[in-house]
2 protein chains.
Amino acid sequence: MPMQDMHLVHHECGDCPIRHRAVCARCEADELQRLEQIKYYRTYQAGQTLIWSGDRMDFVASVVSGIATLTQTMEDGRRQMVGLLLPSDFVGRPGRSTAAYDVTATTDLVMCCFRKKPFEELMVSTPHIGQRLLEMTLDELDAAREWMLLLGRKTAREKIASLLAIIARRDASLRVKAAKGALVFDLPLTREEMADYLGLTLETVSRQMSALKRDGVILLDGKRHVTIPDLDRLLEEAGDDSDGGVLD
Amino acid sequence: MPMQDMHLVHHECGDCPIRHRAVCARCEADELQRLEQIKYYRTYQAGQTLIWSGDRMDFVASVVSGIATLTQTMEDGRRQMVGLLLPSDFVGRPGRSTAAYDVTATTDLVMCCFRKKPFEELMVSTPHIGQRLLEMTLDELDAAREWMLLLGRKTAREKIASLLAIIARRDASLRVKAAKGALVFDLPLTREEMADYLGLTLETVSRQMSALKRDGVILLDGKRHVTIPDLDRLLEEAGDDSDGGVLD
DNA sequence: CGAAAGCATTGATACAGATCAATATCAGGA
DNA sequence: TCCTGATATTGATCTGTATCAATGCTTTCG
């Protein structure tokens, strides 16, 4: 089993918030093997919508590489992105057979999928997996609630700063530590996708990006390549209480 | 163990999305007894904040009766409610020792609490509980994401209509079915609390309530007593795709 | 190379909801 | 009963963001 899939079963016990019973190497190997048997890979191209809201969905999956988005759409076309899936994130819900959101690849994407029925059976016989899933779901819930504060109360400028801060810190694959602690990365989202995530229009996103650039909070090289010379300054602009890192 | 606490352990197997192994009556009784041993009740008065964000929190709990809110606050005082706790809802996070939100009783409140450490141990030895918790957390995540669409993309009028529809349908304890299918209930929230939930100001809430009343979508008797003569009409005003009921 | 398509920026104007302010209603206590 | 404070309504005005519209910048492909 490749390293990337391990997060479903393993996690560093130093970080493990739920002190599970020790598992003997033999049993653990059995569990891994069973997971191995029901898994398969799928790849998608950038821009492809893998799942439409309301579709029958007979698998659960985990992102191996690439980025996907979860969006909800109203009848008249208003769209709101409700989640960003980065490598190791999980999608799909044990116990529900219908997708609740559109899932769209924003970059080329590799998913590690598990057929739902055997996955659910495995979950019952292997409490670790359910526990890990609970942790991940609780993290997502916290992230969703943080986003509710952003959507309900932050200004456009604060929203943009918050998004940049989250991307800069969360997506390790994009992050590059440049000299003097500056962060450099390529935005994985178009202006329109940013707008859908932030509850804004793409014009407002563009204007606020220009404003942050003008004020020296960020540097822009082309449309996508971003440098953040001072993360603390950006976090100030984001209006976050905490430093945003939710730890144990 | 009183009926109200049972939801943590039991659920109707007809509805049960996760097909767990059958449990013999004897073992189940043992589980219930262990849960019984670590639980205790707490009561709070309307208006009281039981938990402040950042507080140490060494228990998890479930609402027995009354209503509580989860809110986040920015340094400058902007507030956003990120959750509404109705009877049977769960609060607290196994594996984290610090509260992430303020929890405030909006009515007199009775909570059924479990000390965290023994609860976590019980969760490990009793997979049912973890599975139930996972289901509940996934439901909350869906609710949070539906709220993100509301906060990011709905108009003030749609927001109010959505909130009224949710309260009317979700809080069975408040709901009264009047003649001809009309729904009647008392709002459990002040205008300001509604505003905090919807990402609006209390003045806008008041104006939109008046507008919905003027247009016959709702009837208001006093400030809090609401009659909804036609739920479908209200749902139309809410701009919801679906009928809002997320099932299996 | 030039054309075309997608993506992004910038400008002018409109409007929903915020803000500031005054008044109204209601519940509880002296 | 009237007073008091909390809660709610309504009005006038302001402002941040949406909307409509034009232009610019890349990348791709003939």
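Scanning all heavy atoms of the two residues, the minimum distance from B:V103 to B:A68 falls at CG1-CB, 4.3 Å. When every heavy atom of A:V60 is checked against every heavy atom of A:P94, the shortest pair comes out as CG1-N, 4.4 Å. For the pair B:P188 and B:E193, the tightest heavy-atom approach, listed with the atom from each and the gap, is O-OE1, 4.1 Å.
Atom P of nucleotide D:dA6 and atom CG of B:L202 are separated by 15 Å, given to the nearest angstrom. Note: CG (B:L187) to C1' (D:dT7) measures 13 Å, nearest angstrom. In this structure, B:R224 places its CZ atom 10 Å from C1' of D:dA8, rounding to the nearest Å. Spacing between atom CG of B:L212 and atom P of D:dT9 amounts to 12 Å, rounded to whole angstrom units. With rounding to whole Å, B:E192 atom CD is found 8 Å from D:dT7 atom P.
If you check every strand for non-hydrogen atoms under 4.0 Å, A:S206 touches a base.
Here the range on DNA chain C touched by chain B, meaning any atom under 4.0 Å from one of its heavy atoms, is C:dG17 to C:dC26.
Using modelled atom types, one side-chain atom of B:R191 and one backbone atom of B:K223 make a donor-acceptor pair closer than 3.5 Å. B:T106 places a side-chain N or O within 3.5 Å of a backbone atom of B:I67 that can act as its donor or acceptor partner.
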Could you give the side-chain donor-acceptor pairs of residues 49-58 of chain B under 3.5 Å, partners two or more places apart or in another chain?
residue: B:T49; atom: OG1; partner: B:T104; partner atom: OG1; Å: 3.1
residue: B:S53; atom: OG; partner: B:A100; partner atom: O; Å: 3.3
residue: B:D55; atom: OD2; partner: B:W52; partner atom: N; Å: 3.1

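Evaluation of the side chain to side chain contact (heavy atoms under 4.5 Å, CB included) rule for A:T227 yields A:A182, A:V184, A:L219 as partners, not counting sequence neighbours. For B:D76, the side chain to side chain donor-acceptor pair (under 3.5 Å) partners at least two apart in sequence or on another chain are B:R78.
Contacts of residues 215-222 of chain B with DNA chain D (heavy atom under 4.0 Å): none.
A side-chain contact (heavy atoms from CB on, under 4.5 Å) with A:Q80 is found for exactly one of B:R153, B:R145, B:E146, B:K154, namely B:R153.
Atom CZ of A:R42 sits in a sparse spot, with 12 or fewer heavy atoms from other residues, nucleotides or ligands closer than 6.0 Å.
Under 4.0 Å is where a charged nitrogen must lie from a carboxylate oxygen, and between B:E203 and B:R207 no such pair does.
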Please produce a list of atom pairs where a protein N or O lies less than 3.5 Å from an N or O of nucleotides 14-21 of chain D.
residue: D:dT17; atom: OP1; partner: A:A156; partner atom: N; Å: 2.9
residue: D:dA18; atom: OP1; partner: A:T201; partner atom: N; Å: 3.4
residue: D:dA18; atom: OP2; partner: A:T201; partner atom: N; Å: 3.4
residue: D:dA18; atom: OP2; partner: A:T201; partner atom: OG1; Å: 3.0
residue: D:dA18; atom: OP2; partner: A:T204; partner atom: OG1; Å: 2.3
residue: D:dT19; atom: O4; partner: A:R207; partner atom: NH2; Å: 2.8
residue: D:dC20; atom: N4; partner: A:E203; partner atom: OE2; Å: 3.1

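Remark: B:T190 is not in phosphate contact with D:dA6, judged by side-chain N or O atoms under 4.0 Å from OP1 or OP2.
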